[in-house]
Amino acid sequence: MSNRSFAILGTGALGGFYGAKLQKAGKDVHFLLNSDYDYVSKHGLVIESKDGDFTLPQVNAYNDVEKMPQCDVVVIALKTTQNHLLPQMLPSVVRDDGVVLVLQNGLAVEEEVAKIVGNVNIIGGLCFLCSNKVAAGHIRHLDYGQITLGGYANDYESTGVTHYMQQIANDFASAGISMELAKDLLLARWKKLVWNIPYNGLSVILDARTDELMSYVHTRQLVEQLMHEVALGSLSCGRIIPDSFIQTMLNYTINMKPYRTSMKIDYDERRPLEVEAIFGNPLRKAHLLGVNLPQISCIYQQLKFLDEIRRVEVRDLNS
Ligand SMILES: NC(=O)C1=CN([C@@H]2O[C@H](COP(=O)(O)OP(=O)(O)OC[C@H]3O[C@@H](n4cnc5c(N)ncnc54)[C@H](OP(=O)(O)O)[C@@H]3O)[C@@H](O)[C@H]2O)C=CC1
Ligand SMILES: CC(C)(CO)C(=O)C(=O)O
């Protein structure tokens with residue numbers, strides 16, 4: 001067993017789930033919390049999971065990154081809407097020569113991380129996980145859980161499978177998490193967007209669950225068209241997504257339990273939407289390479305409107 005230490009920045013649906021699994025497997029894990037800090041420092045974490053429920057009555061909880069020890073692996077599990085906090089969080093918690101593991105959805109976060117901490121290894125992880133936080137320190141894992149890891153190098157050059165990726169995959173695998181290693185992080189991120197762009201976007205705009213989007217011919221066609229446009233975006237970066245992958249994602253969703261996407265949950269809960277990481281960054285990357293993605297752009301503009309309206313409502317409610 002390795003003795004690598006882990007810092008989980010954002011102990012919510014994803015960070016709480018994977019962090020708790022790592023601690024249960026005997027790893028040294030440190031959790032950064034926000035509003036749940038008091039509760040979790042007293043009561044720990046409860047994980048309800050389709051793979052078996054468990055509780056951790058005691059965890060290393062922090063409400064200030066400066067109080068955390070420097071760790072070997074720093075897992076970014078905040079919503080990307082909080083990434084403006086990373087410049088003040090990362091430098092103090094990551095060990096020189098340590099690893100920053102970005103488990104968020106979307107594109108280009110690794111580029112932001114590389115600008116903040118130059119002396120570390122950066123790994124991206126694509127999580128096929130359906131998990132929600134249902135109360136303070138209480139995570140409900142509904143389905144799936146696999147993580148695909150890919151190494152980050154300047155401009156998303158492909159790194160192949162690195163030693164660091166292998167070590168971290170072993171740590172997570174020893175905690176019962178299914179792991180896959182990708183040679184090319186940029187391709188892996190575009191592949192994840194094949195799912196997130198249509199379902200996250202349409203679930204909010206059309207007020208629909210995944211099963212509803214797949215039940216009607218018009219929405220199903222729209223999902224498929226958006227998936228093909230994501231593949232065009234990927235191609236603009238020189239990464240080929242085959243049609244068979246799109247078919248696999250459609251089948252995957254048909255077989256999934258009816259699901260409210262993470263963006264839909266955020267919208268319903270009046271939280272900011274991850275529009276820039278999931279839509280804005282891919283659009284800008286493709287645009288810089290001379291490729292416009294009109295259908296994705298149309299979804300992006302509608303989401304920006306809905307997000308802005310919600311933010312104004314929340315601001316007015318709190319003032
Ligand atoms: N949930 C899932 O199944 C999946 C999620 N993802 C991605 O993972 C990322 C995280 O999503 P998810 O876990 O669902 O989101 P959550 O909102 O459940 O978790 C984020 C956590 O970060 C905490 N946080 C926010 N600000 C701070 C701060 N300043 N200091 C400490 N903690 C803070 C929040 O605490 P508080 O609420 O108290 O502010 C919250 O608990 C996103 O990019 C998402 O797209 C990807 C695949 C699946
Ligand atoms: C694909 C899925 C459902 C789980 O990985 C997801 O990423 C999300 O809801 O945002």
Side-chain angles (χ1 to χ4, degrees), residues 7-20 30-40 45 49-50 61-68 74-90 93 101-109 124-148 178 188-189 191-204 209-211 213 227 248-249 252-253 255-279 281:
I8 308 289
L9 304 187
T11 308
L14 179 140
F17 175 68
Y18 289 126
H30 301 265
F31 296 90
L32 182 71
L33 295 114
N34 188 30
S35 58
D36 295 347
Y37 169 72
D38 285 338
Y39 187 89
V40 171
L45 291 168
S49 166
K50 66 156 187 81
Y62 306 82
N63 59 357
D64 180 353
V65 81
E66 301 278 341
K67 295 181 188 151
M68 297 178 84
V74 175
V75 178
I76 303 183
L78 301 162
K79 288 280 184 190
T80 52
T81 48
Q82 298 300 307
N83 280 2
H84 56 277
L85 300 173
L86 292 177
Q88 80 198 53
M89 285 183 172
L90 286 177
V93 72
L101 174 60
V102 181
L103 290 188
Q104 298 169 313
N105 273 324
L107 195 65
V109 176
L126 294 312
C127 303
F128 289 88
L129 171 74
C130 297
S131 176
N132 302 148
K133 196 192 85 177
V134 291
H138 186 160
I139 313 294
R140 184 170 295 150
H141 168 224
L142 303 167
D143 220 346
Y144 303 102
Q146 175 168 294
I147 305 180
T148 300
S178 162
R189 284 223 166 266
K191 281 179 151 178
K192 181 82 200 290
L193 290 169
V194 167
W195 199 94
N196 285 128
I197 283 186
Y199 293 109
N200 288 31
L202 294 176
S203 65
V204 172
R209 289 187 317 263
T210 50
D211 57 312
L213 293 172
M227 286 183 170
T248 306
M249 283 300 104
Y252 165 88
T253 315
N255 294 326
M256 210 162 146
K257 288 180 197 150
Y259 185 61
R260 216 163 40 119
T261 67
S262 51
M263 188 169 273
K264 177 73 171 106
I265 295 172
D266 286 338
Y267 186 67
D268 292 346
E269 303 287 326
R270 298 180 174 273
R271 291 192 293 247
L273 305 182
E274 296 185 288
V275 186
E276 290 306 334
I278 297 178
F279 296 83
N281 289 347

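Positions are given from 1, in the same order as the sequence printed here. Just follow the structure's listing: the first ligand is 1, and inside any ligand the first atom is 1. Everything numeric here is computed off the predicted structure, so don't read it as measured data.
Nearest to atom 38 (O) of ligand 1 by heavy atom, out of S35, G10, G125, is S35.
Nearest approach of N281 to A108, heavy atoms of both residues: ND2-CB, 3.9 Å.
Of the polar atoms of Y252, none of the N or O atoms is found under 3.5 Å from an N or O of ligand 2, judged by distance alone. For the pair S262 and ligand 2, the shortest N or O to N or O distance falls below 3.5 Å. The shortest N/O to N/O separation between A13 and ligand 1 falls below 3.5 Å. No N or O atom of S262 sits closer than 3.5 Å to an N or O atom of ligand 1. Note: an N/O pair closer than 3.5 Å links L129 and ligand 1 by distance alone. The shortest N/O to N/O separation between N34 and ligand 1 falls below 3.5 Å. An N or O contact shorter than 3.5 Å links L14 to ligand 1 by distance. Between R271 and ligand 1, a contact under 3.5 Å exists for no N or O pair.
Distance check, rounded to the nearest 0.5 Å: CE of M227 to OG1 of T253 gives 5.0 Å. To the nearest 0.5 Å, the span separating OG1 on T261 from CG on L202 amounts to 9.5 Å. In this structure, CG on N132 lies 4.0 Å from CD1 on I265, to the nearest 0.5 angstrom. Note that CD of Q146 and SG of C127 are 10.0 Å apart. Values are rounded to the nearest 0.5 Å. Taken to the nearest 0.5 Å, the CD atom of Q104 stands 9.5 Å off from the NZ atom of K79. The OG1 atom of T210 sits 11.5 Å away from atom CZ of R260, with the distance rounded to the nearest 0.5 Å.
Contacts between C130 and ligand 1 below 4.0 angstrom, taking non-hydrogen atoms only, involve the backbone exclusively. Of the heavy atoms in E274, only side-chain atoms (C-beta onward) come closer than 4.0 Å to ligand 1. The proximity of K192 to ligand 2, defined as any non-hydrogen pair under 4.0 Å, is limited to the side chain. The residue R140 has no part lying near ligand 1, judged by heavy-atom distances below 4.0 Å. Here Y259 has side-chain heavy atoms under 4.0 Å from ligand 2, and that is the only part of it that gets that close. With a 4.0 Å heavy-atom cut-off, ligand 2 is reached by the backbone of L129 but not by any atom from C-beta on. Contacts of I278 with ligand 1, taken as heavy-atom pairs under 4.0 Å, are absent altogether. By the criterion of a heavy-atom distance under 4.0 Å, neither the backbone nor the side chain of N132 is placed next to ligand 1.
Scanning the protein heavy atoms around atom 20 (C) of ligand 1, the nearest turns out to be A77 O, 3.6 Å. Looking at atom 2 (C) of ligand 2, its nearest protein heavy atom turns out to be W195 CZ3, 3.8 Å. Closest protein heavy atom to atom 6 (C) of ligand 2: N196 ND2, 3.6 Å. Nearest protein neighbour of atom 41 (O) of ligand 1, counting heavy atoms only, is G12 CA, 3.3 Å.
Using a 30° and 60° split on the angle between ring planes, Y62 and H30 fall in the tilted class, from 30° to 60°. Between Y252 and W195, the ring planes lie perpendicular to each other; the angle is over 60°, past the 30° to 60° tilted range.
Protein heavy atoms are found inside the 4.0 Å sphere centred on atom 10 (C) of ligand 1.
With hydrogens and angles disregarded, no donor-acceptor distance shorter than 3.5 Å links the side chain of H84 to the backbone of P87. K264 contributes no side-chain N or O that, together with a main-chain N or O of R209, makes up a donor-acceptor pair within less than 3.5 Å.
For ligand 2, the atoms lying closer than 4.0 Å to a non-hydrogen atom of C127 are 5 (O). Close contacts between ligand 2 and M256 involve ligand atoms 3 (C) [criterion: under 4.0 Å to a heavy atom]. Set against the non-hydrogen atoms of N200, the atoms of ligand 2 under 4.0 Å away are 10 (O).
For the pair M89 and ligand 1, a heavy-atom separation below 4.0 Å is found.
With no hydrogens or angles considered, no side-chain donor-acceptor pair links E274 and N200 at under 3.5 Å.
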